[in-house]
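Worksheet for the structure shown next.
Order of the sequence lines sets the chain letters (A, B, ...), proteins ahead of strands, with each chain counted from 1. Owing to the predicted nature of the structure, the values given are computational and were not obtained by experimental measurement. Atom set for the values below is all heavy atoms of this structure, side chains included, hydrogens, waters and symmetry mates excluded.
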Amino acid sequence: MSEMSSGLGVPTIPAPPEEPHLPPRQWIRENLFSSLFNTVLTIVSSLVILAIVRGLLAFIFNPQRQWEATATNLRLLMTQAYPEEQYLRVWVCVAVILTLTAMSMAVWRAGSAVPLPGVGRRLLSGGVLLALMALLAPFGTRSTFIWLVIGIVVAAGGEALRRFADEERSLSTLALLAMALGGLVATLWVVPYGSHTFNLQRTPRVLAEPGTVAMSTKLPWTLMLVVAVAAYFVGTLVRDRLPTNPLRATLLVTWLLMPPILLYLVLRDPSFDMGHVFTTDIPIFAAYAVLGGALLSWLTRPSTGEAGRIVAALVLVAGFAMFATPMRMIVRLDMLLLAGFALSAPTFSGGPRARRRYTAGWLGVLGMMSWLITAINTPSTVDVPGGFFIGGISLTLMVAIFTIVISFPLGLALALARTSNMPIFRLLATWFIEFVRGVPLITILIFFSIMVPLFLPPGMHLGEVAAVVIGYSLFSSAYLAENVRGGLQSVTRGQHEAAEAVGMTTSQKTVFIVLPQALRVAIPPLVGHCIGVFKETSLLAIIGLFDVLYIARYVMSNQTEFMGSTKENILFVSLIYWIFAYQMSKASQRLEQRTGLGER
Amino acid sequence: MTDATAAEPTDNQAMEQSRDLSGARDMIACEGVSKWYGDFQALDGITATIKEQEVVVVLGPSGSGKSTWIRCINRLEVHQEGRIVVDDVELTNDLRNIEQVRSEVGMVFQLFNLFPHLKVIDNVSLAPIWVRKKPRAEAEEQAMALLERVGIPEQAHKYPGQLSGGQQQRVAIARALAMEPRIMLFDEPTSALDPEMIKEVLDVMKVLAQSGMTMMVVTHEMGFAKEVADRIIFMEEGQIVEQGTPQHFFENPTEDRTKLFLSQIL
Ligand SMILES: Nc1ncnc2c1ncn2[C@@H]1O[C@H](COP(=O)(O)OP(=O)(O)OP(=O)(O)O)[C@@H](O)[C@H]1O
Ligand SMILES: [Mg+2]
């Protein structure tokens, strides 16, 4: 039943029995050396792969490589020049994200169990790979020997597990993950990675000392691991004691609220002008809260009827008319928001409980929007060189997440509008999509970062990053809409008719029948699109924002100590991009499996 | 019953069940209904009434407009001329009328059209919850009772894709019944089924007919028509050619076209 309330069905269909594992030798013979041609192909491609791996390892472990450039600048890559003394804010954000992630994993019962021999199989191949790498890499004899021994030990341990472990006993993937992360964090305390810092504030100066990494790095990460594990256990406790659906809904809402709160409250730390807040912002909010609440409470009454629709349309007209008169931006935006709520009110009409819930929703969204707009327009107390208060991977991720989250509902609405049978919506959506798709992303980014602030009415500031995110979201929503439309078209006419025949209204049909099926079909292209959005944030560099690629390409390789370290930096940054993109595509595969795509 | 039955003892005793419905009120009334697809006229002045509790079987060659007519009755298709009145509500462009009629008219499709992303029980209880605004627990209880009635309570927590065709069609019947309709429309409910599954669906329909449901059935199952129908309507080229009791229809049809049709299928 949970799937109905969350809109998207997630059936779990038992997986078909796995094909039996062949013994390695037989597998190799059947798959790699089954014919003369296959044998030649196998040998040639192995040689090519060997050469590539060898070249890559030779590049990475070449003593001339300046890997200190990335090691020293890790903090710059993560958050750009976020001030050292405020760094606690960053750690709080990381902790909040990890806590939410771990709790969600517990509540959604993420992870599965791998039988011990399976773990052994993986250890075996990992060890063999490690040994192979040690042989190929241009190490000195001593390092080669040490790594070879490590590889062989791991492989032997794996082989022992594979042979002798009980097939019935298994290990949860989450425990494995925690163990791996724990091991990684433990190495911070013992392995002499060296302590690297780059001092930005005064004369730039590199600090690289032998020993383990700095306390300001290893201590927080250790705490983070503890926080995550603790959050997981809290999650399991809560999961077993509270009803599932409200709990999941609460977590989802928290996830949605988290990015703006972390960004604008924790990281940016706006210095609110309290006098202004009390004399202007709060009164405006209160007026809309009371009057809007009363209006919506009337509109959701089932007896209101046609008069309600007329009033809602008038509110919309008033909202647009306000743009022609001098007025605070927030007043106009609130009016448009109210119009949106008023127009959809008849759909949610019902008993007193439903009406109260709708009005509460209005108050929540209104409060959130008022606070956000005020926060965006308040100067930050965090002062860094280079325009925006944060950069690097944080900026990249932030822009990507905001863009995806904003463009998703926009894209859905556009797709529905383009397939609706109301000509005016269809026309507007088609025009918008075709226009946006005809313009390069770069143009849109430049337009929104430079031109839009010029067009804004006096008194309204839109941070550069906020402007860019809006532009990027509009761009992304056009493509997203086309992906969703593909899904919508795959829903057969029979499904529409069946929903209509049981008396569903168009919006009920859309929400319960059409969209779940359409989105399920559209998962692969949608995730592909999200990966694209994430990677194309690198274009932010062109409009002068310090995203991770910009820092790697232009900032780090211009530091006097690390002249000419571009190759290393780019390689490192591409590794980071790959890790995130790969996780997204794994998530997509899991989602497809869980929704049973391809089973029917 | 009449002498004809007595003269032919081999004939189905079911025919004797023909009820006297002349006093019942009209559930569906069609007056001169016409419909065009572009230039092609699919319905040509259909006039017929269906009484409360009556079971009407619609026969006719392929392309004669049977589906079109039955789909006009819950406005999945829009007719261009004439009037259709369902349970005293006339079908016009007024959305509220259409939704009211649809929630009182159940429909079963040839290809089941179950919602593949919802479990069987959710397929059945979705519309009562959202259209009839029933509490979820009550709707699910009713859904289970209906699944029991069509004989597959044990499948409630499976997905439609995991059921056989006959089971799926029975779920579809339960889904339509969950709205507590006063009329049920069936458009070739057994045409997509293997022979061994046809019977299980027809049995459910027979029980439904005996319970007093008003039914309009398009089918090629002559056995079902003979046994269950109160009246048979024969259509060709968008017109009603002949109608009458099964006995009249199968034993002494008056129209040549009916005779030709019967000679081809029997
Ligand atoms: N959407 C449509 N557009 C154009 N013509 C249509 C459409 N639907 C049906 N027709 C035509 O209308 C006529 C009647 O179709 P209908 O589906 O009602 O026939 P039917 O009696 O149900 O036939 P069958 O026994 O094969 O199901 C046919 O000639 C068909 O080609
Ligand atoms: Mg048909």
Side-chain angles (χ1 to χ4, degrees), chain A residues 1-14 16 245 302 305-306 309 346-351 353-354 421 487 490-521 523 594-600, chain B residues 67 70-71 73-77 95-96 98-133 136-137 139-140 143 157-162 171-172 175-181 184-185 187 192:
Chain A
M1 293 316 295
S2 62
E3 47 262 40
M4 265 165 47
S5 38
S6 64
L8 190 115
V10 184
T12 33
I13 287 167
N245 283 346
E306 215 49 40
R309 287 176 209 259
T347 317
F348 294 90
S349 69
R353 219 174 125 221
N421 40 22
S490 76
V491 178
T492 58
R493 190 159 154 227
Q495 290 290 315
H496 288 264
E497 287 176 353
E500 282 160 16
V502 286
M504 288 190 197
T505 62
T506 309
S507 46
Q508 287 169 340
K509 179 181 77 174
T510 308
V511 171
F512 297 120
I513 308 302
V514 179
L515 272 185
Q517 297 185 51
L519 289 181
R520 182 189 283 185
V521 174
I523 289 174
R594 286 195 43 191
T595 53
L597 198 76
E599 307 264 342
R600 268 184 286 270
Chain B
S67 300
I70 206 173
R71 288 156 57 84
I73 289 170
N74 65 354
R75 205 145 178 109
L76 289 179
E77 302 284 356
L95 263 179
R96 273 167 298 180
I98 297 173
E99 275 159 22
Q100 189 191 339
V101 164
R102 281 181 180 162
S103 62
E104 292 199 359
V105 178
M107 173 121 186
V108 176
F109 300 86
Q110 179 174 1
L111 295 174
F112 330 136
N113 292 345
L114 293 179
F115 307 132
H117 61 299
L118 297 177
K119 287 187 183 146
V120 164
I121 186 158
D122 296 334
N123 262 280
V124 180
S125 63
L126 185 70
I129 291 174
W130 292 100
V131 181
R132 288 257 189 263
K133 314 270 183 205
R136 181 175 293 263
E140 286 184 358
H157 294 282
K158 286 195 187 164
Y159 286 91
Q162 298 167 310
V171 173
R175 176 177 71 182
L177 290 176
M179 290 296 288
E180 291 161 6
M184 286 284 281
L185 308 177
D187 189 3

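For B:Leu76, the part sitting under 4.5 Å from any heavy atom of chain A is the side chain, from C-beta outward, and nothing else. Looking at A:Gln495, both its backbone and its side chain come within 4.5 Å of chain B, counting heavy atoms on both sides. Neither the backbone nor the side chain of A:Thr492 comes within contact range of chain B; no heavy atom of the residue lies under 4.5 Å from a heavy atom of that chain. Residue B:Phe115 touches chain A through both its backbone and its side chain, counting heavy-atom pairs closer than 4.5 Å. At a 4.5 Å heavy-atom cutoff, B:Gln110 makes no contact with chain A through either its backbone or its side chain. Interface remark: B:Val101 contributes no atoms to any contact with chain A (heavy atom separation under 4.5 Å). Only the side chain of B:Arg71 has a heavy atom closer than 4.5 Å to any heavy atom of chain A.
Between the side chain of B:Asn123 and the backbone N or O of B:Lys119 there is at least one donor-acceptor pair closer than 3.5 Å. In this structure a side-chain-to-backbone donor-acceptor pair under 3.5 Å is missing from B:Arg175 to A:Ala498. Under a 3.5 Å cut-off, the side chain of B:Arg102 and the backbone N or O of A:Val502 do not form any donor-acceptor pair.
The salt bridge (Lys or Arg N to Asp or Glu O under 4.0 Å) analysis of residues 506-519 of chain A, with sequence neighbours excluded, yields the pairs A:Glu500-A:Lys509.
Open room surrounds CZ on A:Arg309; 12 or fewer heavy atoms of other groups in view lie less than 6.0 Å from it.
Looking at residues two or more places apart in sequence or on another chain, you find a side chain to side chain contact (heavy atoms under 4.5 Å, CB included) between B:Val120 and B:Leu147, B:Leu163, B:Val171.
If you tally non-hydrogen atom pairs under 4.5 Å between each of B:Ile98, B:Leu114, B:Leu185 and chain A, the highest count goes to B:Leu114.
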